[in-house]
2 protein chains.
Amino acid sequence: MTNRGNQQPRQREISKLLRERGNRVTPQRRAVLKIIQEHEGHLSADEIYNLARDDVPRLSLSTVYRTLDLLKELDLVTELHLAGDHYRYEAQSGRHQHLVCLGCGKVIEFQCSHCGTIYRELFSQHGFAITSSRVELLGYCEECSKAMDN
Amino acid sequence: MTNRGNQQPRQREISKLLRERGNRVTPQRRAVLKIIQEHEGHLSADEIYNLARDDVPRLSLSTVYRTLDLLKELDLVTELHLAGDHYRYEAQSGRHQHLVCLGCGKVIEFQCSHCGTIYRELFSQHGFAITSSRVELLGYCEECSKAMDN
DNA sequence: TTATATGCAAACAATTTGCATCCTG
DNA sequence: CAGGATGCAAATTGTTTGCATATAA
């Protein structure tokens, strides 16, 4: 595994990273990465596919999946499974967590100020070194809670 | 949504719960529930299917899925997406979180003593009422960490 | 007795793979 | 110009659905 737990590198560094591994920098890969970085979160493979085709019309869905696999290996994207049917992907930027409303499906991002503490505890208690997290808290947002209580 | 945030009821209560909703208590449903409760966690639909067939040989996979849907509705099982390809299910027992080792795939359960605090903060800050959580912290367990540093 | 559950097989949807061709380094 | 990357289409896999039959209440 590469690039453990650091910040989102810029395009140039990413290209370097790829070349060092013997991978190539192709228009398709650039396009997929760009979409993910611009949209900052929660895209499905199919959505990425459609958006990236504005740049690379001949792009195929399998290339999207293959690229996502590669970016996952490089810790550049995180694969999520929010409430729903398929995977979603987002750029590995600052750590944040997800609140998913079971009523309307809305996803709220939040920062958990306690995570650092928790990670440290886990390391001392279990020797477990966290590299990433998928925290999905499910419940009902304010509006949906109100709607239900009627 | 039914039965918000309470403890695992016993068989008899579950039967009652089902009947009240107009659902029936069938051998298939008993078998699936029994397997999930006995195995306390992390079974895929297919594994449940195979195990439950010891009790009910004519059981079909679609019935397993249908039963899991029902049990989810009743908050009796939780659907997880640990690192991997498909859903996993576990009895909704006391709240715990999952540590998933990216090296060997091992899953460690842990209690997060800070969750109560976090939930309370979220409610006051976002008006969001948490009913369940999927917390999956990914990283490397002690052994795998050591193995990698060689 | 009668509506709910089931099993089976067929349908679906998301993801993966084989292979000939393309193109980056 | 050589090996990695791509597009396409076909294959897989996990899950869902339609429908005739079985069964719990």
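If you're wondering where the values come from, they're calculated on a predicted model, not measured in any experiment. The chains referred to below are lettered A, B, ... by the order of the sequence lines, with proteins before strands, and numbering in each begins at 1.
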Among all residues two or more places apart in sequence or in another chain, which pass the side-chain hydrogen bond (donor to acceptor under 3.5 Å, both in side chains) test with B/Glu121?
A/His114
Can you list the residues that meet the side-chain hydrogen bond (donor to acceptor under 3.5 Å, both in side chains) rule with B/Tyr65, with sequence neighbours excluded?
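Testing B/Tyr65 for side-chain hydrogen bond (donor to acceptor under 3.5 Å, both in side chains), a comparison that skips the adjacent residues, returns none.
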Taking atom [atom2] of [N] as reference, at what distance in whole Å does atom [atom1] of [X] sit?
X       : N      : atom1 : atom2 : value
B/Lys72 : D/dT16 : NZ    : C1'   : 11 Å
B/Glu73 : C/dT4  : CD    : P     : 14 Å
B/Glu79 : D/dG14 : CD    : C1'   : 12 Å
B/Leu68 : D/dT17 : CG    : P     : 14 Å
A/Arg30 : D/dT6  : CZ    : C1'   : 15 Å
B/Asp69 : C/dT4  : CG    : C1'   : 16 Å
B/Leu61 : D/dT13 : CG    : P     : 14 Å

Tell me whether A/Leu51 shares a hydrophobic cluster with A/Ile36, the cluster being built from Ile, Leu, Val, Met, Phe, Trp, Tyr side chains joined at under 4.5 Å.
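Looking at the clustering, A/Ile36 is in the same group as A/Leu51.
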A/Arg66 bridged to A/Asp69 by N-O distance under 4.0 Å:
no
List every contact pair, protein side and nucleotides 18-20 of chain C side both N or O, where the distance is under 3.5 Å.
none

Might you point out which heavy atoms bring [X] and [Y] nearest each other, and give the distance in Å?
X        : Y        : result
B/Leu138 : A/Phe128 : C-CE2, 4.2 Å
B/Leu68  : B/Ala45  : CD1-CB, 4.2 Å
B/Cys141 : B/Lys106 : SG-NZ, 3.6 Å

Would the number of heavy atoms belonging to other residues, nucleotides or ligands and lying under 6.0 Å from NZ of B/Lys16 be above 12?
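No, not enclosed.
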Closest to side chain of A/Arg29, choosing from C/dA5, D/dG7, D/dT6
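Shortest atom-to-atom distance from the side chain points to D/dT6.
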Specify the residues of residues 44-55 of chain A, ordered by number, for which at least one heavy atom lies under 4.0 angstrom from an atom of DNA chain D.
none
Which of these passes side-chain contact (heavy atoms from CB on, under 4.5 Å) with B/Tyr89: B/Ile48, B/Val64, B/Ile35, B/Leu43?
B/Ile48
Could I get a table of every N or O pair under 3.5 Å where one atom is in the protein and the other is in nucleotides 22-25 of chain C?
from: C/dT24; atom 1: O2; to: A/Arg24; atom 2: NH1; distance (Å): 3.0
from: C/dT24; atom 1: O2; to: A/Arg24; atom 2: NH2; distance (Å): 3.4
from: C/dG25; atom 1: OP1; to: A/Arg19; atom 2: NE; distance (Å): 3.0
from: C/dG25; atom 1: OP1; to: A/Val25; atom 2: N; distance (Å): 3.2

Any side-chain N or O of A/Gln28 less than 4.0 Å from the OP1 or OP2 oxygen of D/dG7?
yes
Anything under 3.5 Å between a donor and an acceptor, one on a side chain of residues 55-62 of chain B, the other on a protein residue two or more places apart or in another chain? List them.
from: B/Asp55; atom 1: OD2; to: B/Lys34; atom 2: NZ; distance (Å): 2.7
from: B/Ser60; atom 1: OG; to: B/Ser62; atom 2: OG; distance (Å): 3.3
from: B/Ser60; atom 1: OG; to: B/Thr63; atom 2: N; distance (Å): 3.3
from: B/Ser60; atom 1: OG; to: B/Thr63; atom 2: OG1; distance (Å): 3.2

Starting at the 5' end of DNA chain D and moving along, which residue's nearest nucleotide shows up first, B/Arg58 or B/Tyr65?
B/Tyr65
As an exercise, state the distance from CG of B/Asn23 to CZ of B/Arg21, rounded to the nearest 0.5 Å.
5.0 Å
